[in-house]
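For reference, the structure is listed below as structure tokens.
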Amino acid sequence: MAATIEVRNLSHTYSVGTPFQHDAVKHLSFTVERGEFLGIIGHTGSGKSTLIQHLNGLLKPTEGDVLLDGESIWKDKLTTRAARFRVGLVFQYPEYQLFEDTVFQDIAFGPKNMGLKEAEIRQRVLRAADFAGVDRSVLDKSPFDLSGGQKRRVAIAGVIAMEPEVIVFDEPTAGLDPAGCASLLENIRAYRQATGATILMVSHSMDDVARLADRLLVLNKGQVEMMGKPSEIFTRAQRLREIGLNVPQVTTLFLRLKELGAPVDPATYTVEDALEQLLRLKGGGRRA
Amino acid sequence: MLKDITLGQYFPGDTVVHRLDPRTKLLLVIVYIVALFLCKWYVSYAVALAFLALAVALSRIRLKALFKGLKPLIIIIIFTALLNLFYSEGRVLVEFWIFKITYEGIQNAFFLVLRIMLLVMGTFLLTYTTSPIALTDGLESLLSPLKKIRFPVHELAMMMSIALRFIPTLIEETDKIISAQKARGADFETGNIFRRAKALIPILVPLFVSAFRRADELATAMECRCYHGGKGRTKLKQLHYRGRDVIALLLGALLLAAVIVLRQFAL
Ligand SMILES: Nc1ncnc2c1ncn2[C@@H]1O[C@H](COP(=O)(O)OP(=O)(O)OP(=O)(O)O)[C@@H](O)[C@H]1O
Ligand SMILES: [Mg+2]
């Protein structure tokens, strides 16, 4: 259960023909492989949210195309509608879209729109709740009685319940406390491991995407600035800073160590990696 | 997108018309509307048109923007024109079945359409060249004599400016909620009227919840800054009449006088 996404020469212009006309993304081309975890980073207003709304056909490209498993999602109406369910989209602050009487019904909204049977819906809701970390005891409560973090998990479960082949998260951890962030990211990781779904995640936190993503897509002013493995991207710290981004804290430290002449790998971005290298350095020091 | 609605939109600029005192502009629009209703014949309409043309030229607002404002009214305009065309007594030009078109009918229809168009374009020019904040300030100042009879002028103005301030925010929010529910497969386009009305629930509930939340937050924020009504409240931007306002008001008086005089001669 996974799909490849291909974005071909995608451009989107808002408010065409008014004084407020604005190119949000320009000539984007890239491919996301089956089962891959792609991190999307870029400064505020770089077009991240605009880009991801094209992946399930919410926005129509002004130019270019989006292909799912090699087939354009704009081929005909049915294909476009199918894309809605094949590519799940979790918006920024998704907790503001809750509306049903109970948490259960809210999570069931997507599957119901897919026209599934009652029993199947029930199964999916329970499964999605588990994946998203929604406690089964709250399923009968009103979503409006939950805390902000719980609401967000309910909203995420609402998308997971459609069991899409691709899930796109727009800043899923924005506004959560560190513990909430960590456990939500762990939920996402576990979901991916269990289902093999393709995952795209927009994030402002380099540390988060660095740890989870197989590859990173860096956007700058609506264009692809870089795309590649985190270790490749983070060696270009200088350029990242120029376009208003940062590198993970560990990488900053290791770049500095390298500058000072220590024999370390400057493209280190996880704490575990860093620890291993530091221990090796220390061990080497003793031997000398 | 919902965002592209232009109703009552402000186009920032730095022309004479933009810099006029909002009270002057409000008064001028009232004078202009009264004048329009006093117009009788081609000559007086031409005078009113000239007045509007002068204001438009000075404001550098593009004609396209003004005509765009007329778009939502096309149906009303056509409807009133047709009514007048077919239901006026007078010299008959064409007659078929139960319809007859008279010479007077054509003329009435023409004047009515002209009147509506001039009226709408004039008021749009006001909202195009005056920021909503300036507009409510002007209104508050113009209505302030009513405070004597305990009419809540300040509260009304405050409500208006808050409403105006939040319209774009709520529109943006509605767009977002629609997208989010569409992403969960919500379908707003197909089905009969009942299904479609029901499909609005996933939009309206979150929208109301968020509007109430915003209202609550705003009330708290206002109280934190010691807001307690209009009494003794001073303004950051004081309104002052200047030379250009006097000239503009004189022009307005001239327009009214001209139309009244022309009316005497049925021109
Ligand atoms: N509905 C819209 N109408 C007009 N312009 C828009 C709209 N949505 C976004 N834009 C503009 O398009 C550009 C890209 O916006 P987008 O929301 O994609 O950025 P982003 O990378 O998601 O930013 P952030 O990190 O703040 O979420 C911005 O300049 C924004 O002002
Ligand atoms: Mg965004």
Side-chain angles (χ1 to χ4, degrees), chain A residues 14-22 49-50 52-53 55-60 77 80-101 105-116 142-144 151 155-162 164 167-168 170, chain B residues 1-7 9-13 60-69 71 128-129 168-191 195-196 198-214 216-217:
Chain A
Y14 281 113
S15 313
V16 178
T18 72
F20 308 99
Q21 182 162 341
H22 176 79
S49 301
T50 306
I52 61 173
Q53 287 178 63
L55 303 181
N56 69 348
L58 275 180
L59 288 179
K60 185 154 193 179
K77 268 210 167 129
T80 312
R81 186 151 170 82
R84 292 277 159 81
F85 299 120
R86 295 182 66 189
V87 180
L89 191 56
V90 179
F91 276 82
Q92 235 162 333
Y93 298 102
E95 52 273 29
Y96 295 136
Q97 76 198 27
L98 302 178
F99 71 97
E100 282 282 14
D101 293 335
Q105 284 172 347
D106 212 294
I107 300 177
F109 182 64
K112 243 188 237 161
N113 286 328
M114 296 171 80
L116 297 176
S142 157
F144 299 105
K151 278 188 204 163
I156 291 174
V159 174
I160 289 181
M162 303 191 306
I167 298 198
V168 186
D170 195 352
Chain B
M1 283 246 157
L2 286 172
K3 242 190 188 163
D4 299 331
I5 304 172
T6 61
L7 197 79
Q9 194 168 43
Y10 173 51
F11 288 98
R60 304 231 183 90
I61 296 287
R62 282 191 303 169
L63 278 179
K64 217 171 116 189
L66 274 183
F67 282 118
K68 216 176 149 196
K71 238 194 218 159
Y128 281 170
T129 59
T169 314
L170 286 180
I171 288 180
E172 205 171 296
E173 188 119 353
T174 314
D175 265 345
K176 259 193 210 145
I177 295 171
I178 291 177
S179 303
Q181 306 301 22
K182 271 191 187 163
R184 293 206 277 166
D187 184 0
F188 306 114
E189 276 110 33
T190 56
R195 268 195 65 159
R196 280 193 210 197
K198 220 178 138 211
L200 289 179
I201 295 175
I203 301 173
L204 293 180
V205 174
L207 192 63
F208 274 102
V209 169
S210 108
F212 281 118
R213 186 174 44 86
R214 273 180 208 286
D216 210 38
E217 280 167 7

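Protein chains get the first letters and strands the later ones, always in sequence-line order, with residue 1 at the start of each. Note that these values count all heavy atoms, side chains included, but never hydrogens, waters or copies made by symmetry.
- Looking only at side-chain heavy atoms (C-beta outward), A:Tyr93 and B:Lys176 stay at 4.5 Å or farther from each other.
- Within a 6.0 Å sphere centred on CZ of B:Arg214, other residues, nucleotides and ligands contribute more than 12 heavy atoms.
- Residues forming a side chain to side chain donor-acceptor pair (under 3.5 Å) with A:Asn56 (at least two apart in sequence, or on another chain): none.
- For A:Arg81 (side chain) and B:Gly185 (main-chain N/O), a donor-acceptor pair under 3.5 Å exists by modelled atom type.
- The minimum heavy-atom distance linking B:Ala186 with A:Asn113 is given by the pair N-ND2, 3.4 Å.
- When heavy atoms are compared at a cutoff of 4.5 Å, A:Tyr96 approaches chain B by way of both its backbone and its side chain.
- Between the B:Gln181 side chain and the A:Gln97 main chain, a donor and an acceptor come within less than 3.5 Å of each other.
- Other residues, nucleotides and ligands contribute more than 12 heavy atoms inside 6.0 Å of the CZ atom of B:Arg196.
- Shown here is B:Phe208, whose CZ atom has no more than 12 heavy atoms of other residues, nucleotides or ligands within 6.0 Å.
- Legend: residues meeting side chain to side chain donor-acceptor pair (under 3.5 Å) with A:Asp170, ordered by chain and number and at least two apart, are A:Ser49.
- A 4.5 Å side-chain heavy-atom check between B:Asp187 and A:Arg84 finds every atom pair outside the cut-off.
- Within the model, atoms OG of B:Ser179 and CG of A:Leu89 stand 8.5 Å from one another, a figure rounded to the nearest 0.5 Å.
- When heavy atoms are compared at a cutoff of 4.5 Å, A:Met162 approaches chain B solely by way of its side chain, counted from C-beta outward.
- Within the 4.5 angstrom heavy-atom criterion, only side-chain atoms of A:Phe144, from C-beta onward, approach chain B.
- Considering all non-hydrogen atoms of both residues, B:Ala180 and A:Phe91 come closest at CA-CE1, 3.5 Å.
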